[in-house]
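Shown next, in C-alpha cells, is the structure this report addresses.
All values below were derived from every heavy atom in this structure, side-chain atoms included, with hydrogens, water molecules and symmetry-related copies excluded. Every chain is numbered from 1, with letters handed out A, B, ... down the list of sequences.
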Protein chains: 2
Amino acid sequence: MPETSAMPGDDLDLGTVLRALADAHRRAVMIELAADRTDGERTCHSFNLPVSKQTRTHHFRTLCDAGLLCEVDYGNKKGVRLRRAAIDRRFPGLLDLLAAESSRSTRFGQED
Amino acid sequence: MPETSAMPGDDLDLGTVLRALADAHRRAVMIELAADRTDGERTCHSFNLPVSKQTRTHHFRTLCDAGLLCEVDYGNKKGVRLRRAAIDRRFPGLLDLLAAESSRSTRFGQED
DNA sequence: TCATAGGTACGACTTGAATCGTACCTCGGC
DNA sequence: GCCGAGGTACGATTCAAGTCGTACCTATGA
C-alpha cells in the first residue's frame, strides 16, 4: 500500500506478541529484559529458566519468531537482545508494563 | 502485607490478562471496547463474534474472570462494561495499545 | 585432541484451551 | 400463556501448545 518505507517494529503483530507473552516462562524473560535498561546481550542459559534445555530453546524460538528479541548465533552459544526500540515504537508502553511487573514482584514476592 | 487499602485494578493479574488477550476473539472484543470512549454497557450478542453462543459465553466468562469486564445479569441478557479505570490504573497504556489496533486494522484492513 | 557445556531438530507425549451440541433457564413482547 | 431470543452448564471432541528424551552440532578451554 501507500506506506512503503517500513519502520522498525512494523513486523510486530499484536496477536503473536500477546500469545508469546501469555506463557509464564517467556513472560519472565521479557520482564527481566524490560527492567534492564542496559539492554546488554545475554545467553539463553543466563536466564535460569526452570525447564529443560529443549524447552528453553523452544521458548526463545517463540520470542524471536514474535519479533521481541534479536539473536546472534555463536555456535555453542546464542546472544539474545531485546528489540527495545522496535517494540517501543510499535507498542508504546508495553515494555514499561513488563518492567513495572519486575519491581512489583520484588515488592510482593511473586509473579503468577 | 502493609498495603491494606486495595485500589481498583489491584485484582488484575498480568499473566491472566495476557492469556485472556492471547485469543483473537477475546482480543477483538477488547479492541472494540478500548476504542469506544463512551464506555457504554453492551450485550454479548452485540459483538457479532463468528462463533457459537456457547463459545461466546466461554470467551466472555474468560474476560470477566480476568477482571477486564464487569457484568450485569438481566436474565435473558447480560450487560458488560469495560473496567477502563481499573485497567488504566493497573496497566497504563494497555487499552491505548488495543485502541490503536482498531484504527490500525481499519487502515490496513486486517487484524491477525 | 578431548571433554564440557550451550544449543538445536525431531518426534512423541501430555496438558491446556477452543469448540460446540444438548438441554435448560430467564425475561420481554405479543 | 406462549414464543422467541439471549444466555448458561455440562460434557465430549478437537486442536494448540508445552514438555522433554534422544541424538546431534559447535565452540572454547585445558
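- Relative to the side chain of Arg19(A), the nucleotides dA17(C), dG7(D), dA17(D) differ in distance, and dA17(D) lies closest.
- Here the nucleotide nearest the side chain of Val51(A), chosen from dT8(C), dC20(D), dG6(C), is dC20(D).
- Counting any heavy atom pair closer than 4.0 Å across all strands shown, His59(B) reaches sugar-phosphate atoms only and no base atom.
- Residue Gln54(B) places its side chain closer to dT22(C) than to any other of dG7(D), dT22(C), dG21(D).
- Listed candidates were dC27(C), dC20(C), dT8(C). Nearest to the side chain of Lys53(A) is dT8(C).
- When side chains are defined from C-beta on, Leu14(A) counts as touching Leu98(B), because their heavy atoms get closer than 4.5 Å.
- Across all strands, Tyr74(B) comes closer than 4.0 Å only to sugar-phosphate atoms, never to a base (heavy-atom distances).
- Rounding to whole angstrom units, CG of residue Asn76(B) and P of dC30(C) are separated by 14 Å.
- For Arg61(A) and dA9(C), the shortest distance from a side-chain N or O to OP1 or OP2 is below 4.0 Å.
- Using a cut-off of 4.0 Å between Lys/Arg side-chain N and Asp/Glu carboxylate O, Glu101(B) and Arg27(B) are scored as not salt-bridged.
- The side chain of Asp23(B) lies closest to dA18(C), out of dA18(C), dG6(D), dG21(D).
- Using a 4.0 Å cut-off, no side-chain N or O of His58(B) falls inside it from OP1 or OP2 of dA9(D).
- The shortest non-hydrogen separation linking Leu33(A) to Leu69(A) is CD1-CD2, 3.4 Å.
- Between Glu41(A) atom CD and dG7(C) atom P the separation is 11 Å, expressed in whole Å.
- Mapping His25(A) and Asp73(B) onto DNA chain D by nearest heavy atom places Asp73(B) at the nucleotide closer to the 5' end.
- Checking side-chain atoms of Arg83(B) against main-chain N and O of Gly67(B) turns up a donor-acceptor pair under 3.5 Å.
- With respect to the salt-bridge test (charged N to carboxylate O, under 4.0 angstrom), the residues Lys77(A) and Glu71(A) do not qualify.
- A salt bridge does not link Asp11(B) to Arg90(B): none of the charged nitrogens lies less than 4.0 Å from a carboxylate oxygen.
- Taking atom CG of residue Leu49(B) and atom C1' of nucleotide dA18(C), one finds them 13 Å apart after rounding to whole Å.
- For the pair Phe60(A) CZ and dT19(D) P, the interatomic distance rounds to 13 Å; values are reported in whole Å.
- The separation between Leu63(A) atom CG and dG18(D) atom P is 10 Å, rounded to whole Å.
- Among the heavy atoms of the strands, none lies under 4.0 Å from Thr62(A).
- Between Arg56(B) and dC20(C) there is no side-chain N or O to OP1 or OP2 distance below 4.0 Å.
- For the helix from dT1(C)-dA30(D) to dC30(C)-dG1(D), the angle separating the two terminal helix axes comes to 30°, with each axis derived from five pairs and the value rounded to 10°.
- Nearest to the side chain of His45(B), among dT8(D), dG7(C), dG6(D), sits dG6(D).
- Leu82(B) is listed as a side-chain neighbour of Leu95(B), based on a closest heavy-atom distance under 4.5 Å.
- The side chain of Thr55(B) sits closest to dT19(C) out of dT19(C), dC27(C), dG7(C).
- For Lys78(B), counting side-chain heavy atoms from C-beta on, the closest listed nucleotide (dG7(D), dG21(C), dT26(D)) is dG7(D).
- Taking the centre and axis of the six-membered ring of Phe47(B), the NZ or CZ atom of Arg42(B) falls inside the cone set by 45° and 6.0 Å.
- Atom NZ in Lys77(A) sits roughly 16 Å away from atom C1' in dT8(C) (whole-Å rounding).
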